[in-house]
Amino acid sequence: MPQAPMPELTSSVKLKYVKLGYQYLVNHFLSFLLIPIMAIGAVELLRMGPEEILNVWNSLEFDLVQVLCTSFFVIFISTVYFMSKPRTIYLVDYSCYKPPVTCRVPFATFMEHSRLILKDKPKSVEFQMRILERSGLGEETSLPPAIHYIPPTPTMDAARSEAQLVIFTAMDDLFKKTGLKPKDVDILIVNCSLFSPTPSLSAMVINKYKLRSNIKSVNLSGMGCSAGLISVDLARDLLQVHPNSNAIIVSTEIITPNYYQGNERAMLLPNCLFRMGAAAILMSNRRSDRWRAKYKLSHLVRTHRGADDKSFYCVYEQEDKEGHVGINLSKDLMAIAGEALKANITTIGPLVLPASEQLLFLLSLIGRKIFNPKLKPYIPDFKLAFEHFCIHAGGRAVIDELQKNLQLSGEHVEASRMTLHRFGNTSSSSLWYELSYIESKGRMRRGDRVWQIAFGSGFKCNSAVWKCNRTIKTPKDGPWSDCIDRYPVFIPEVVKL
Amino acid sequence: MGIAQENRVEVKSMLTAVSSKPSRSARVHPFTALDNAMSPHTLHVIVYYPRSPFGSFDLDSVRISLSELLSMYPPVVGRVAKTPDGILEVKCNDAGLRTLKAKVCVGIDEWLRSADGHDESDLTAWGDMPEDPSTWAPFRLQINEFQGGGVAIGLSCPHRQADATTLTVLLKSWTEAQRRRCIVHPPSFSPLPSILTDDTDAVKPNSATISKPISTKTATATFRFSSSSFKKYIEEDGIFPKASPFDVFAALFWTRVALVKRKSHDRVCMCVDFRRLLPNPLPYGFFGNALNFSSLEMTNVADQGIVHVARLINDHVTNLTVEKIRSDLNRVGEQELMYGGDLTIVNMEHMIVEGDPMMYEAVFEDGVRPVHVSYRIGNVGGEGVIMVMPSPEKGFGRVVSVTLPEEEVSKLLVDQEILRFEPKIILSGVK
């Protein structure tokens with residue numbers, strides 16, 4: 001049957017060229033207009049010759065006052081423009097925490113502990129096993145030391161020592177990488193959703209590193225897995241107000257106090273997915289950092305669906321019948337995530353999509369509203385707007401859903417899937433592990449645009465767009481340095497346990 | 001020793017230590033016929049250090065080196081499973097090594113002086129394999145911290161899965177990994193050489209894996225003989241030129257125990273490690289059981305002189321050929337209990353490599369050598385076990401531990417022939 005596929009192939013190739021031609025035309029429309037005009041102008045000038053040009057110039061009769069006023073006006077307009085332009089926010093560097101090998105959780109160990117602790121509830125054990133089999137996690141994810149005990153010992157001391165371990169290790173690494181001295185930190189933002197002691201984690205950091213007394217420190221808690229991007233947004237706003245400053249953001253989730261000790265099934269799910277991790281990020285608005293910064297922040301869009309009751313209750317922390325506190329995940333989590341994503345895309349689309357896509361979307365919108373409501377809505381092709389995607393590794397279902405909705409290829413979601421496999425769901429820091437994956441694979445080039453999307457309880461969908469400032473060499477150390485050669489791995493649909 | 005005292009060892013916590021790298025293949029480690037014959041027994045090694053290498057425990061570097069070492073030993077972190085045919089094997093599924101932390105309410109010197117066999121057994125985990133071993137950790141590590149410093153590291157496992165040399169090499173390799181040295185004896189999981197297994201039947205399903213507990217109340221005592229006491233004996237009593245300290249001390253204890261037991265026929269079971277006795281020697285890292293159990297008889301041994309008995313023992317051990325080892329291997333299924341069915345004498349001379357006793361070379365920090373290493377066998381038969389172990393001081397000294405019924409041990413503790421050698425008696429419970 002070689003004849004039948006051929007016409008389809010040639011027609012799809014033809015369609016591809018048509019699409020390409022259309023995109024070039026629309027995206028570079030202005031150039032297409034300007035170039036002929038400039039060409040005609042140049043030809044005219046050349047035709048006229050130098051004496052005629054001088055004659056035309058003299059006939060305009062400029063006098064000094066007019067010239068001065070015009071130049072002052074131009075200077076005034078440009079000054080107003082440059083002063084009111086928002087400062088460029090740079091991401092100088094970041095560092096992700098790599099847990100020690102003693103914290104590793106193989107599947108067999110997790111299931112054995114589960115059986116020993118929940119020995120009267122075989123159904124709950126079965127449930128956990130089925131979740132783990134389909135989770136997309138690998139055998140090298142880590143849980144904090146307190147959770148390795150039989151039974152786990154989630155004391156406040158243990159939670160604090162986990163916080164100290166992950167945060168201080170990540171920050172030490174960040175200081176070493178960037179050469180920053182602790183006393184030069186101007187803004188500190190720490191986000192950790194479920195552990196909020198007094199004094200706060202940001203106070204703990206200030207105490208450990210002896211940061212300045214006039215530091216602007218903020219501690220964000222309770223904001224879920226998307227708190228990382230909320231911290232970036234806050235840092236951006238603070239850096240607009242404070243000139244010549246830098247900001248350190250620490251994103252983490254402390255697992256120790258939140259390990260669910262009951263046996264309600266919907267609340268056992270986070271135990272199977274959440275793992276230990278942290279990231280420390282250095283951002284700056286200093287002009288001197290523009291050479292060494294890795295990324296520039298282009299856009300940050302926050303969408304909150306809390307006004308809708310269903311979205312508000314879909315990730316809910318509550319006590320079960322026996323008084324154990326856990327996080328209840330509702331069954332329509334995926335649908336709600338899809339809606340939140342749509343809301344976010346509607347805002348970010350016009351900011352990032354090329355004119356060709358926006359025009360198509362507009363035409364399809366007009367078509368649906370005026371001509372035929374049954375027309376399929378046009379989903380803009382975000383692959384034209386971004387080179388890399390970092391989708392929060394909340395779980396396999398989230399990544400699958402987004403891959404389907406945004407029509408992404410396997411390579412686009414590779415960073416997210418592999419981060420879920422190697423590190424599990426590290427909550428707000430997972431976006432940074434994914435970015436580190438892309439860099440470790442040597443795929444990050446100057447000018448590449450990265451889209452980070454995070455979902456969180458509330459229900460929120462936040463996204464950030466970064467532009468790569470300089471081609472990034474494969475890092476020699478980092479969370480992926482010892483295992484990047486093994487990735488990507490094939491993750492089966494179900495791992496037989 | 002008869003005074004009942006509360007447990008001086010309190011287990012505080014339990015966790016599972018994992019290997020650092022996942023074992024990628026779904027490997028299975030089978031048991032040999034010899035392994036299955038060892039099944040009623042459990043094996044326990046306890047190493048005493050005057051200073052503990054552990055600090056906060058959760059974040060210690062010693063834990064990291066343990067994890068790295070466990071990656072080299074998949075059967076240690078695996079779980080026992082039954083095949084559909086009822087044959088036991090180890091599934092290397094990375095489940096982990098169970099690790100317990102305990103506190104001892106006395107100091108290490110006080111312990112060595114006053115603890116008895118029952119107390120010492122609290123320093124390692126005991127317990128037989130349950131019916132469903134899928135969540136039961138066969139290898140268990142117990143870290144016991146003494147008052148005022150000092151630690152006893154106890155490692156236990158079913159004797160089916162490893163012998164004393166395997167556990168000693170494992171602990172020594174852990175210390176080598178901790179000190180970033182090259183591991184001298186990496187593990188080897190190849191099966192027993194065919195020269196030994198040609199005649200053996202296929203592994204039969206285990207019929208009686210869980211045996212009845214031994215009813216007689218046993219006690220343990222440990223005698224430390226120095227190099228000088230051996231030399232003194234040679235000068236005073238004379239001995240044949242090729243006599244090794246093992247021959248002399250084994251003969252000494254055999255004769256004195258036979259006297260105490262008042263038996264007419266005198267047969268012992270000699271347990272010798274055959275790793276280095278084969279024409280193609282097995283490496284020390286050979287994982288599993290490589291023990292030869294052979295019978296030795298002498299009439300009226302209680303009345304014989306030590307010289308005579310020592311010569312017999314020497315001849316017996318030197319004449320262990322491959323054929324003898326193979327024929328003994330073929331007969332392993334016949335006895336129910338390998339240790340203690342007859343009085344068993346355990347030979348550990350092979351652990352002295354180039355004059356250095358291997359177990360005392362397991363050093364975590366420079367200058368902190370073990371002060372004592374005990375080996376204990378669980379479910380020993382009524383006749384008892386005599387273990388002749390290397391001494392921490394290199395040379396001709398030996399440490400002999402005896403596990404016998406209580407009255408026999410108390411008689412041995414005051415035996416004049418033994419006391420003539422001026423042993424230092426520890427871990428016997430004498431106040």
Supply the atom-to-atom distance [X] [atom1] to [Y] [atom2], rounded to the nearest 0.5 angstrom.
{"X": "A:C103", "Y": "B:L59", "atom1": "SG", "atom2": "CG", "result": "7.5 Å"}
{"X": "B:K12", "Y": "A:T153", "atom1": "NZ", "atom2": "OG1", "result": "14.0 Å"}
{"X": "B:T16", "Y": "A:H113", "atom1": "OG1", "atom2": "NE2", "result": "2.5 Å"}

Toward chain A, the part of B:K91 with a non-hydrogen atom under 4.5 Å: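 Neither part, no heavy atoms under 4.5 Å.
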Side chain / backbone / both / neither for B:T135 at chain A, heavy atoms under 4.5 Å: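 The answer is both parts of B:T135.
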Heavy-atom closest pair, residues [X] and [Y]:
{"X": "A:T109", "Y": "B:A95", "value": "OG1-O, 2.8 Å"}
{"X": "A:E139", "Y": "B:P22", "value": "CB-CB, 4.1 Å"}
{"X": "B:S19", "Y": "A:R104", "value": "O-NE, 2.8 Å"}
{"X": "A:T102", "Y": "B:V18", "value": "O-CG2, 4.0 Å"}
{"X": "A:P106", "Y": "B:D94", "value": "CG-O, 3.5 Å"}

Contacting region of A:I147 [heavy-atom separation from chain B under 4.5 Å]: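 Looking at A:I147, nothing touches chain B.
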Over 12 non-hydrogen atoms of neighbours within 6.0 angstrom of NZ in B:K101: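 Atom NZ in B:K101 is crowded, with more than 12 foreign heavy atoms closer than 6.0 Å.
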Over 12 non-hydrogen atoms of neighbours within 6.0 angstrom of CZ in B:R179: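 It does: B:R179 CZ has more than 12 such atoms within range.
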Any A:I150 side-chain heavy atom under 4.5 Å of B:R98 side chain: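 Side chain of A:I150 against side chain of B:R98, heavy atoms only: contact under 4.5 Å found.
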